[in-house]
Amino acid sequence: MSEVIPPRYNFSEVEEQIYKKWLDEGCFDAAFAPDGTVLDEERAKAETYTIAIPPPNVTGRLHMGHALNNTIQDMLIRYKRMCGFDVLWIPGTDHAGIATQTVVKKMLDQQGIDYREIGREKFVEYVWEWKEKYGNVILDQLRKMGCSCNWERTRFTMDEGLSRAVNRSFKKLYDEGLIYQGTRIVNWCPVDRTALSDDEVETKEGGESGHLWHIKYPVIGTEDEFLIVATTRPETLFGDVAIAVHPEDERYQKYIGKKVRLPLTEREIPIIADDYVDKAFGTGCLKITPAHDPNDFELGNRHGFEPINIMNEDATMNDFVPEAYRGLDRYKCRREAVKNLKEQELLDKEQKYKVPLGRSYRSKAVIEYRLSKQWFVKMESLAKLALERHSELNIQPERWNKVYFHWLNNIRDWCISRQIWWGHRIPAWYHKETGEVLVSEETPQQVMDKPDEWRQEDDVLDTWFSSALWPMSTLGWPDHSSDFKRYFPTTTLSTAKDIIFFWVARMNFSALKFEDTFPYENVYIHPTILDGRGETMSKSKGNGIDPLVVIGGAELDDLKKPVMEARPTDIKQRLKQIEKTFPDGFEAAGADAMRYTLLHQCSTGQEIRLSLDVFYDIGRRFMTKLWNAARFIFMYIDQEQSTDNVDFSAHISDEDLWMQGKIQLATNKLRENMEKYDFSHLGEIYYQLIWNDFCDWYVELCKARLTSEDAVQRKTAQHCLITAFADILRLFHPIAPFITEELWNKLLGVGTESKLWGERRPQSELLITEKFPESKEPGSSLQKIIAKFNKLQDIVTLVRTLRADYSIKPGQKIRGYIIAKNELAKSLLSDKESHRSIIRLANLESLEIIENEEEKPSKMVTLLDSSCEIYVDIHEFVDVKKELERLQKEIEQVEKYIASVTKKLDNRNFIERAKPEIVAAERAKAQESKEKLDKLKHLQEQFADF
RNA sequence: GAAGGUGUAGCUCAGUGGUAGAGCGCCUGCUUUACACGCAGGAUGUCAUAGGUUCAAGUCCUAUCAUCUUCACCA
């Protein structure tokens, strides 16, 4: 007996070594190198399984959502790798236009550098520099989680190849008329000074508090008549071109065709009629400001008005407003305008109002509608394409289909130009004089020839334009390279629900358009991670859980830091809570514990609630259990050569077969769930197999044989334990790769040549490349074994419960007698091993098998089971009153049940209409229960004179 | 305004028309040859509400309520 492995699992050390080993051995490689060289002959013939990682932003830091999503992907990748597929997981990052530009701008700001002064070229250089330095942090963090990506193929959306894909895509869509330029009202972020797509604008439910100002517009040609217009944005009145009323609005009929004076100015604007106006809203008069509202823009167009843009890019007022307001910020201008309107008695009233406001999802600034020339993608035909081919795509869970459809069916054209510097510059050139536009994948010859006559478009493309090509471009598209030919379309996409529109939909129609196929077969939408109180995790709330803290631990002060920085209203409470739960900080739990916890909590619902302590309760506890089970096994595996020639194959017992059977059933379930992308039961399956079946029952049972005098017994138990454990490691590796690899390594230390392994020795040095156990339908013999073992468990539990009821100390052995009432019990008890196991686990002194009741000694407590009767000699502990109570309780239970079954059986409809086998089963149950009731009553009588 | 999700044990969640389940927490007893991050036992339910379908409903249908999410929003 020897202590092979340390009592505590030192994962931080182990995880790093193991990851390095996997890398050194090329375990994450696909069967082919990117240049087409074969790296693995066998896998080169296998089916492929490919995932293109959802590329995190280069500015990103790993958060729990990433942790979950990448755990899922790594689990799938490892599972498929172990199933023999040629797997490829392509990692990479996204250049994240606006986000990155903001970060670098801030950094330069701190160095006292104004980005506008240094100019575009220099700024972009700084961004690249920043990217080289900090852009791969998140990829390193993925390594800490154990992700088995093919790092040689790491891609970045701004890489040369990927940029070429972007240009090709732009050119193709342009040539087909699917990309066009137009002057339109777009969502404008005054902070980042760029246009945004509709999807990049967020609105708060119910609006935000604001005012509705009722402004009086004096009607020209009258003394004291006004049209009163209700507006939430008085500062935009300088851009008004007309006042509109409903053509059938009796109040205003007489004014149609007349003019009003625009307050605060001398300008006169007409009063027009348009049935777009809602008579019931406000005063029924609508100010028309075409340059600053999309509806007004359309309405203005219909009536032939020229829009007046009154704002600069940063939402300050421009020269089209009266001098007093020029240069003012929009809100300052609003205050001034309201003040002046009041002074001039042109403000009828001011009321509180909830205003629906759009905000930039990046800067959170209130969006300004701005009229500008932008590039758009025409969406109708692309959306139609995706909808028509939808049957070729498997989205899981299925309910997300509806969300996706809804978006595709209500789609508007996609504004793809952004007025920033960091990104793919639009490949369009304008002739400085003629205005001719050239769109080309590379700089056109005409431009090369006469560079002075042309200028390239300044705008860059929306980040999502390049992301839309990700599964193709990472594999070499537009070239049909060897990678592209072999690994495209990819197999699976796993992602978060909030980018179904931004990303998934756009990838879909891109691949359909260019390659006539979806870019993957399956889309898995993972649940959203919420904090313990059901709120989304965010930096601003300070309620996020840092995956690196879970993996590597943190001091108390570090745990408090996010809360301190966010300063939520209940900051004191939160800090106190942290101090109370983790007074000594958070002890590292390791990557496996985090991964298992996340998957264990991965329910069928849309969200997962997580608090830091569940990583202890679920993940760390489970890893410790597994580690300790391994310690136990290793302690008992002696490597005595003397027993090597012992033939144990004939001595495999029922419990060994039972354990193998349980492993088989778990294997089937795991494989089934993996294939269905149903991960909600994984945690439970592993818990039951490893904790309940293996540790609580099987290992306990094996203890007797492991300490046996008989070498054959010893060797058999060792063989069965070690092979069962090896299977468990194989099954568990995709979820907990590090600990299983570490234990696999220890297991191999036993020696794969050792006869101990029998026919079932490991095939691979590294677990990562070992074969995942195969599915197999359970045969009838296995079902019999399992039924028998269930009976064994029932008997043991009955006796244990009795012992607990009577508080019989573990040291006090008691004698038992048992009558088998059916074949199942008979075959169980006739097996010597099982008989002995019952005695051991139930902590009996003996268990004598008898034929009938007369053989048992008197004064016994009787335990009834459906297939046997057990008599336990505990007369010295028996409390007659208590026993009668126990029996009474049981009687009541059975009577209640009999009543319900009888009711059913007395119902003629049930007999006639229910399936015959169900009626039969009910009858059998009723019969059994009645017999049990008789017996219980009989016992009760007996006990009266115990 | 529209769509979707969720309401089951104190908490987090499984549940396939046929006697309501797990983990955690709680209670009781245990230094039973790995593990107290453990072992054994136990208690705990108007399956949101009201109807309907069915021999039989936590499960299927309808409505209501609560709650979360997404989309669209008229000045």
Side-chain angles (χ1 to χ4, degrees), chain A residues 1 3 5 7 198-199 203 205 207 212 229-233 236 244 276-278 280-289 293 295-296 355-356 358 397 399-400 402-403 405-407 410 497-498 500-501 528 530 532 534 536 600-601 603-611 613-614 616-618 620-636 680-681 683-684 687-688 691-692 695-696 699-700 703-704 706-707 796-797 800-805 807-811 840-841 843 893 896-897 900-901 904 907-915 918-919 921-922 925 929:
Chain A
M1 217 190 277
E3 186 99 350
I5 55 178
D198 294 335
D199 301 297
T203 47
E205 198 68 36
L212 201 55
V229 174
T231 180
T232 56
R233 306 205 50 200
T236 61
Y276 167 78
V277 181
D278 180 354
F281 189 91
T283 59
C285 297
L286 175 65
K287 65 197 267 299
I288 307 301
T289 322
D293 183 282
N295 293 313
D296 291 10
V355 194
R399 63 170 171 274
W400 295 110
K402 286 182 190 160
V403 179
F405 280 151
H406 186 257
W407 187 79
N410 293 285
K497 65 175 191 222
D498 48 341
I500 295 178
F501 310 142
T528 307
L530 304 177
T536 49
H600 188 275
Q601 298 300 90
S603 65
T604 52
Q606 293 192 31
E607 53 218 29
I608 300 176
R609 289 187 182 205
L610 278 182
S611 53
D613 49 339
V614 303
Y616 280 170
D617 290 344
I618 296 173
R620 188 183 60 164
R621 236 166 48 91
F622 197 65
M623 296 312 138
T624 310
K625 185 71 179 176
L626 184 70
W627 187 258
N628 280 315
R631 278 178 62 214
F632 176 81
I633 293 168
F634 286 121
M635 275 182 193
Y636 280 93
S680 56
H681 297 99
E684 200 189 333
Y687 192 94
Q688 260 183 26
W691 202 304
N692 298 338
C695 291
D696 289 346
V699 169
E700 285 309 315
K703 280 177 179 173
L706 288 173
T707 50
V796 169
T797 304
R800 279 176 178 171
T801 309
L802 185 81
R803 293 188 68 111
D805 280 350
S807 310
I808 302 167
K809 298 260 183 267
R840 241 181 67 76
L841 295 182
N843 200 5
Q893 246 171 21
K896 207 170 135 196
Y897 179 62
S900 86
V901 179
K904 234 187 244 186
N907 185 341
R908 254 180 67 194
N909 283 328
F910 173 70
I911 306 290
E912 282 163 19
R913 299 193 201 179
K915 286 181 206 150
I918 283 168
V919 178
E922 291 294 320
K925 279 190 270 184
S929 301

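Note that the structure is predicted; figures quoted are calculated from it, not measured.
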*Asks:* Paired with B:C39 by Watson-Crick or G-U wobble geometry, both distances under 3.5 Å: which nucleotide is it?
*Replies:* B:G29

*Asks:* In whole angstrom, give me the gap between the C1' atoms of B:C47 and B:G41.
*Replies:* 27 Å

*Asks:* Is the phosphate of B:C24, meaning OP1 or OP2, less than 4.0 Å from a side-chain N or O of A:Tyr687?
*Replies:* yes

*Asks:* Once you apply a heavy-atom cut-off of 4.0 Å, does A:Thr289 come out as touching a base, just sugar-phosphate, or nothing?
*Replies:* nothing

*Asks:* Which listed nucleotide (B:U32, B:U69, B:G18) is nearest to the side chain of A:Lys497?
*Replies:*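 Nearest nucleotide to the side chain: B:U69.
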
*Asks:* With a 4.0 Å limit, can you tell me whether A:Ser680 has a side-chain N or O closer than that to the phosphate oxygens OP1/OP2 of B:C13?
*Replies:* no

*Asks:* At 4.0 Å (heavy atoms only), tell me whether A:His681 reaches a base, stays on the sugar-phosphate, or touches nothing.
*Replies:*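 Sugar-phosphate only.
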
*Asks:* Looking for any heavy atom pair under 4.0 Å, which part of the strands does A:Glu700 touch: base, sugar-phosphate only, or nothing?
*Replies:*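 Base, at least one base atom sits under 4.0 Å.
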
*Asks:* Look at all strands and tell whether A:Asn907 reaches a base, only sugar-phosphate, or nothing, counting heavy atoms closer than 4.0 Å.
*Replies:* sugar-phosphate

*Asks:* Is A:Asn843 touching bases, backbone alone, or none of the nucleic acid, heavy atoms closer than 4.0 Å?
*Replies:*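 Nothing: the residue A:Asn843, judged by heavy atoms under 4.0 Å, touches no strand.
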
*Asks:* Just call it for A:Ser900: base, sugar-phosphate, or nothing, with non-hydrogen atoms closer than 4.0 Å on any strand.
*Replies:*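 Nothing, no heavy atom under 4.0 Å.
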
*Asks:* Look at A:Lys809 and B:C30 and indicate whether a side-chain polar atom (N or O) is within less than 4.0 Å of OP1 or OP2.
*Replies:* yes

*Asks:* Quick check on B:C39: is either OP1 or OP2 less than 4.0 Å from any side-chain nitrogen or oxygen of A:Trp691?
*Replies:*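 True: A:Trp691 side-chain N/O within range (under 4.0 Å) of B:C39 OP1/OP2.
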
*Asks:* Rounded to the nearest 0.5 Å, what's the gap from NE2 on A:His600 to CZ on A:Phe622? Could you check?
*Replies:* 8.0 Å

*Asks:* Can a side chain N or O of A:Lys625 be found less than 4.0 Å away from OP1 or OP2 on B:C39?
*Replies:*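 Yes, A:Lys625 has a side-chain N/O under 4.0 Å of OP1/OP2 on B:C39.
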
*Asks:* Answer with base, sugar-phosphate or nothing: what part of the nucleic acid does A:Arg800 contact at a heavy-atom distance below 4.0 Å?
*Replies:*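 Touches sugar-phosphate only.
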
*Asks:* For B:C73, does OP1 or OP2 lie under 4.0 Å from any side-chain N or O of A:Thr203?
*Replies:*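 Looking at the OP1 and OP2 atoms of B:C73, neither is under 4.0 Å from any side-chain N or O of A:Thr203.
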
*Asks:* Please check the phosphate of B:A72 (OP1 and OP2 only) for any side-chain N or O of A:His406 closer than 4.0 Å.
*Replies:* no

*Asks:* For B:C60, which nucleotide in any strand shown is its Watson-Crick or wobble partner with both distances under 3.5 Å?
*Replies:*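 Partner of B:C60: B:G52.
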
*Asks:* So do the side chains of A:Lys287 and A:Thr236 get within less than 4.5 Å of each other, counting heavy atoms only?
*Replies:* yes

*Asks:* Looking at A:Arg609, does any N or O in its side chain come under 4.0 Å of the phosphate oxygens OP1/OP2 on B:U12?
*Replies:* yes

*Asks:* Looking for any heavy atom pair under 4.0 Å, which part of the strands does A:Ser603 touch: base, sugar-phosphate only, or nothing?
*Replies:*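 Since only primed, P, OP1 and OP2 atoms lie under 4.0 Å of A:Ser603, the category is sugar-phosphate.
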
*Asks:* Looking at B:C24, I'd like to know if its phosphate oxygens (OP1 or OP2) sit under 4.0 Å from a side-chain N or O belonging to A:Arg621.
*Replies:*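 Result: yes.
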
*Asks:* Are the side chains of A:Arg800 and A:Leu841 in contact, using a 4.5 Å heavy-atom criterion?
*Replies:* yes

*Asks:* How far, in whole Å, is B:C68 from B:A48 if one measures between their C1' atoms?
*Replies:*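 Roughly 15 Å separates the two C1' atoms.
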
*Asks:* Measure CG/A:Leu286 against P/B:A75 and give the value in whole Å, please.
*Replies:* 10 Å

*Asks:* Taking 4.0 Å as the cut-off, does a side-chain nitrogen or oxygen of A:Asn410 come that near to OP1 or OP2 on B:C71?
*Replies:*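 Answer is no, no contact under 4.0 Å.
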
*Asks:* When we call it a touch if two heavy atoms are under 4.0 Å apart, what does A:Thr528 touch: a base, just sugar-phosphate, or nothing?
*Replies:* nothing

*Asks:* Examine A:Lys703 relative to A:Phe632 and say whether NZ or CZ is less than 6.0 Å from the centre of the six-membered ring and inside a 45° cone about the ring axis.
*Replies:* yes

